[in-house]
4 protein chains.
Amino acid sequence: MSGDGLSFPTSLGTSTAEEIRLLGRDLTTELMGRVGFGELAFWLLSTRRPTPAETRVFEAVLVALADHGFTPTAIATRLTYLSAPDSLQGALAAGLLGGGSRFLGVTEDCGVFLHAVLEAQEGPLPTDDDGWDALALEAVRATRAAGRLVPGLGHPVHKVRDPRTAVLVRIAEEEGLRGPHLRLFEAVGRVHEQVLGRRLPLNGAGVCGAALADLGLPVEMLRGVALLARAAGLLGHIAEERRRPIGMDAYLAVDRNATYVDPDGQESPG
Amino acid sequence: MSGDGLSFPTSLGTSTAEEIRLLGRDLTTELMGRVGFGELAFWLLSTRRPTPAETRVFEAVLVALADHGFTPTAIATRLTYLSAPDSLQGALAAGLLGGGSRFLGVTEDCGVFLHAVLEAQEGPLPTDDDGWDALALEAVRATRAAGRLVPGLGHPVHKVRDPRTAVLVRIAEEEGLRGPHLRLFEAVGRVHEQVLGRRLPLNGAGVCGAALADLGLPVEMLRGVALLARAAGLLGHIAEERRRPIGMDAYLAVDRNATYVDPDGQESPG
Amino acid sequence: MSGDGLSFPTSLGTSTAEEIRLLGRDLTTELMGRVGFGELAFWLLSTRRPTPAETRVFEAVLVALADHGFTPTAIATRLTYLSAPDSLQGALAAGLLGGGSRFLGVTEDCGVFLHAVLEAQEGPLPTDDDGWDALALEAVRATRAAGRLVPGLGHPVHKVRDPRTAVLVRIAEEEGLRGPHLRLFEAVGRVHEQVLGRRLPLNGAGVCGAALADLGLPVEMLRGVALLARAAGLLGHIAEERRRPIGMDAYLAVDRNATYVDPDGQESPG
Amino acid sequence: MSGDGLSFPTSLGTSTAEEIRLLGRDLTTELMGRVGFGELAFWLLSTRRPTPAETRVFEAVLVALADHGFTPTAIATRLTYLSAPDSLQGALAAGLLGGGSRFLGVTEDCGVFLHAVLEAQEGPLPTDDDGWDALALEAVRATRAAGRLVPGLGHPVHKVRDPRTAVLVRIAEEEGLRGPHLRLFEAVGRVHEQVLGRRLPLNGAGVCGAALADLGLPVEMLRGVALLARAAGLLGHIAEERRRPIGMDAYLAVDRNATYVDPDGQESPG
């Protein structure tokens, strides 16, 4: 320890000349070749080794969130790689920086929302669908009354039904991990029409947030799970940009159709 | 297709109202719950589904590279999270941006080096250790003569032996994937002393590069594998920073010991 | 225009083979050599060319915010440059990513706070100190009642008086630009003790926000001004890191004092 | 100083309870309101206060490089802001990350190239155009023979003449700062056709690198100057994205024209 009295505690990686430890285990004899990457990521986030059932649900979420094609984040990564091919890390980082409130934040927002409803609940949780529906109805009403959106509802492409939702619920059920967050989320899907006046699908990002919250991960870290998944997808985009580039065409699709507009609003040919 | 004639081809994610496809598979019926996250990441990088043997080696590498404690990148992530706790993606990106030539680049450098030696080889590859040693000796000599460093040798902490090296070679051997890049790397470990005049350990980052190259991943993407691994580790640091913060102390350890120096070089009390 | 009917309007840069335009001016004949960089930055943010008086206040703010030594953001930049010296842009970006709510957000928060108070004000604005004090008192009380902090008060180092505050007010006064945001901010400085029970200095980041809001810049962009100023400071840190590096020592100050802690809380020697 | 014996020297910002110093000056009495932002940025990069003549050339370069409309970096910033509007710093950082070798690196590459030629020169520098032409011819030939590109030649839009080049040379001449780097660059413009077999314009990014090198800035930091200039431009894009967004259209221009391609190469409708 330093003369400042400063010490820096950690439960993650430490090493000596002979040994590398991670999460209190010997990296080479206990982890490498014995622990999957998704399993380790869960462990790093929670300091708790997941069960095989938890790992399967967690990896299903990572797979669901890894890539959605030409999202704004994927295009940002491609354009950055076009401009600075010498810095793969910069292209990856640029894409991840789009992982904010709008396109990639629903997973966390949904987990936080469901968690808050459950935390505020006094007494035992519901034991049947009617009970969950009543709780969901109250939560949707309160959210609406506060002028906020209920996270996890609606999707620009999957307007009727998001195919990920039922599948993830089924996988969680198979693994005995369809817990209160998923139950409440499903109930939101059944009751929201009564309050909002129209039927919206439960979206994939939202169901992922519910499933992750049921795994006991800290809800403030759920955006991190989405970012990890997306990191794999963005690396796929960089690899593809190397094989069959589209970055230049994406740039030209905008630049060639630029139009100059006076600051006070008149258009003129670009 | 647009009137510009522009089209944007991809083999990654696409979707319609009813279906989401990824890598040419149905995301929900063929991938979620059936494919691990490491497996998917390999597939995204190479557009080829890895075998279980390949997945095990690939995940062993990801586990090996995920976290090394308070590296410069981990500290950068912690300090950025301290400054901007509202943007988890920014803290993650800041750490990944350190994934460049010096601390995280050895994996790629080593894969590229070994790959270039093998590509330049005319005729069949060696079939025994003597043959590999001769090839390695020639490569180390040529690298030294060109004034460049042989990547994958030496480590600031593991000065005699990096415990990851033998373990990863063993895992590859178990899976039938101890290929030419690993063989050549091992030979470099045996012969470099003849040229460099001192014995250095084959380091963990280097052996990871060799193993990944043997899996047939494009060597220009190996830094991406290290970044994916590190993303999990950095998320672990952010989660830990939430539970038991050290960012403020890390900042103060520097700031409190700042000393003002005249631009022309004289020190004065800070 | 494309067959998609998409067009991309902008009032910023456009060019033809012979001419480059920016903000509706000819770059080479009207801007280069005739417009200062601070002046152009203001113009880019607001699409309005500032007067010399406005430029002087704006540049005084940029100078005030450019660098504060070994801040968390500066250390993050230094550590990233240490890890990835091949990517200067990555080191700069890593530092800017700390420009969030906590260490660099006060300028924007303060501008937004003052602007909201003034916008909510019905009838004419106060014309003397008593009037400003009454308005400030009401605003501080309402903010306190809502459980929020009044931005721009207090500083960890300048506990009694932040030397930037009076100087920036004086410069604004000299230029005829001591407007309602600054007046209100000064009044907050006079009255907050009545509500909070202790006297705090008006800090430099806060007075910068007030001065920028008085210049008519959109308050949602004030964080951007702080980031631009900090970009210059961070480049200064990178240049200094090249001349006289401290990144390795900053890293070791943490890593050498690492202590392993069991996830459940027991410490053991690192 | 700490018990570790660590101290962190800096010539940039330091502060005490009463005073803030920057570059050895009192921030509030010597810098704020007295020093322009461009002037301060030069000082931070070089630890030397520039003369008014140097400041004018430096700011002319910053103005020249601030924005070029819908560049890949500007589009990346816009798309990131679309995805994560809560993190202005992330959108700015994403754009800066494109400041690498290809679209924003010419300024540094050109400065480095010219500087290396001058440094390698034994004996006095040329005193007339014939002398500069001879030196340039030799340098262009050697670069060509080594299979490298001569930086600063050619432009995708300004195919005959880049309007910035002559203007920046004139401004430097007016200020008595048309030094050896600019002279050599101009000579490259006159002689390269003899070697390359076709006439290319000296581009604006290149002339900026030459002018900055003549100001005595460290050539390894010239990319930083381009990044500072671009930071102002990118903030202009974010401000404009708030007023008149194009990010969603830019994203859709790509996503709507996506086509699925089998990994082995066959196209099918997207």
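Here is the naming used below: chain letters follow the sequence lines, and residue numbers restart at 1 for every chain. Side-chain atoms are counted along with the backbone in the values below, which use heavy atoms only and exclude waters and symmetry mates.
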### Task
Show your reasoning for whether side chain to side chain contact (heavy atoms under 4.5 Å, CB included) applies to A/L62 and B/L40.
CA-CA 9 Å; A/L62 289 169; B/L40 182 74; over 6 Å; no
### Task
Below 4.5 Å from any heavy atom of chain A, which atoms of B/A250 appear? Answer side chain, backbone, both or neither.
both
### Query
Just by distance, do the side chain of A/R164 and the backbone of B/T28 share a donor-acceptor pair under 3.5 Å?
no
#### Entry: Pairwise distance CE(A/M32) to CZ(B/R56) - rounded to 0.5 angstrom
10.0 Å
### Task
List the steps and the verdict of side chain to side chain contact (heavy atoms under 4.5 Å, CB included) for A/L235 and B/L44.
CA-CA 7 Å; A/L235 290 170; B/L44 283 162; over 6 Å; no
#### Entry: Heavy-atom proximity to chain B below 4.5 Å, by part of A/E175
neither
### Task
With side chain to side chain contact (heavy atoms under 4.5 Å, CB included) as the test, would you mind laying out the steps for A/H68 and B/T14 before giving the verdict?
CA-CA 6 Å; A/H68 302 147; B/T14 50; over 6 Å; no
### Message
Could you measure the distance from the NE2 atom of A/H155 to the OG atom of B/S15? Nearest 0.5 Å is fine.
### Response
7.0 Å
### Message
At a 4.5 Å cut-off on heavy atoms, which part of A/L22 comes close to chain B: side chain, backbone, both, or neither?
### Response
side chain
### Summary
Heaviest contributor of heavy-atom pairs below 4.5 Å to chain A, chosen from B/V157, B/V61, B/D162, B/I238, is B/V157
### Query
Can you tell me if B/Q89 uses its side chain to pair, donor with acceptor, with the backbone of A/G98 under 3.5 Å?
no
### Query
Looking only at heavy atoms, which two atoms of A/L88 and B/G224 are closest? And how far apart?
CD2-CA, 3.9 Å
### Summary
Under 4.5 Å to a heavy atom of chain B? For A/A64 that would be both
### Best-contacting candidate, A/G99, A/A94, A/A41, against chain B by heavy atom pairs under 4.5 angstrom
A/G99
#### Entry: Pick from A/R243, A/E220, A/E108 with the largest number of heavy-atom pairs that fall under 4.5 Å of chain B
A/E220
### Residue pair A/A231 / B/L228: nearest heavy atoms and the distance that separates them
CB-CD1, 4.0 Å
### Message
Is the ring pair B/F37/A/F37 parallel, tilted or perpendicular, if the boundaries are 30 and 60 degrees?
### Response
parallel
### Message
With a 4.5 angstrom heavy-atom cut-off, is it the side chain or the backbone of B/E174 that approaches chain A, or both, or neither?
### Response
neither
### Task
Check B/V63 against A/V35 and note the closest heavy-atom contact, atom names and distance.
CG2-O, 3.5 Å
### Query
Hey, mind stepping through A/S11 and B/E240 against side chain to side chain contact (heavy atoms under 4.5 Å, CB included) and telling me if it holds?
CA-CA 8 Å; A/S11 306; B/E240 187 169 88; 3.6 Å; yes
### Task
Flag the one option from A/G38, A/A93, A/A60, A/P163 with the top tally of heavy-atom pairs under 4.5 Å to chain B.
A/P163
### Task
Using a cut-off of 6.0 Å, state whether more than 12 heavy atoms not belonging to B/R34 lie near its atom CZ.
no
### Message
Let me confirm one number: the OG1-CG distance from B/T10 to A/D67, rounded to the nearest 0.5 Å.
### Response
7.0 Å
### Pairs touching residues 43-62 of chain B that satisfy ring pair (Phe, Tyr, Trp, His ring centres under 6.0 Å), sequence neighbours left out
B/F42-B/F58
### Heavy-atom side-chain proximity of A/T29 to B/V167 below 4.5 angstrom
no
### Task
Identify which part of B/E19 has an atom lying under 4.5 Å from any heavy atom of chain A, answering side chain, backbone, both or neither.
backbone
### Task
Using non-hydrogen atoms and a 4.5 Å limit, figure out which bit of B/H237 sits close to chain A: side chain, backbone, both or neither.
both
### Query
So what's closer than 4.5 Å to chain A heavy atoms on B/R78: side chain, backbone, both or neither?
side chain
### Message
Does any backbone or side-chain atom of B/R21 lie under 4.5 Å from a heavy atom of chain A? Answer side chain, backbone, both or neither.
### Response
neither
### Query
Which atoms of A/L97 come close to chain B, meaning under 4.5 Å heavy atom to heavy atom: side chain ones, backbone ones, both, or neither?
both
### Shortest non-hydrogen contact from B/A239 toward A/L45
CB-O, 3.5 Å
## Note on the structure
Honestly, the part of A/L168 sitting under 4.5 Å from a heavy atom of chain B is both
#### Entry: Taking every non-hydrogen atom, the tightest pair across A/A253 and B/F8
CB-CZ, 4.4 Å
### Message
Using a 4.5 angstrom heavy-atom cutoff, name the option from A/A91, A/A226, A/A232 with the most pairs to chain B.
### Response
A/A232
#### Entry: side-chain contact (heavy atoms from CB on, under 4.5 Å) partners of B/A213, counting only residues at least two apart
B/H181, B/V219
### Message
Keeping B/E59 on the side-chain end and A/G33 on the backbone end, is there a donor-acceptor pair under 3.5 Å?
### Response
no
### Which atoms of A/L96 approach chain B - backbone, side chain, both or neither, heavy atom under 4.5 Å
both
### Message
I need the minimum non-hydrogen distance between B/G233 and A/L12, along with the two atoms involved.
### Response
O-CD1, 4.5 Å
### Query
Is any side-chain heavy atom of A/T16 less than 4.5 Å from a side-chain heavy atom of B/H158?
no
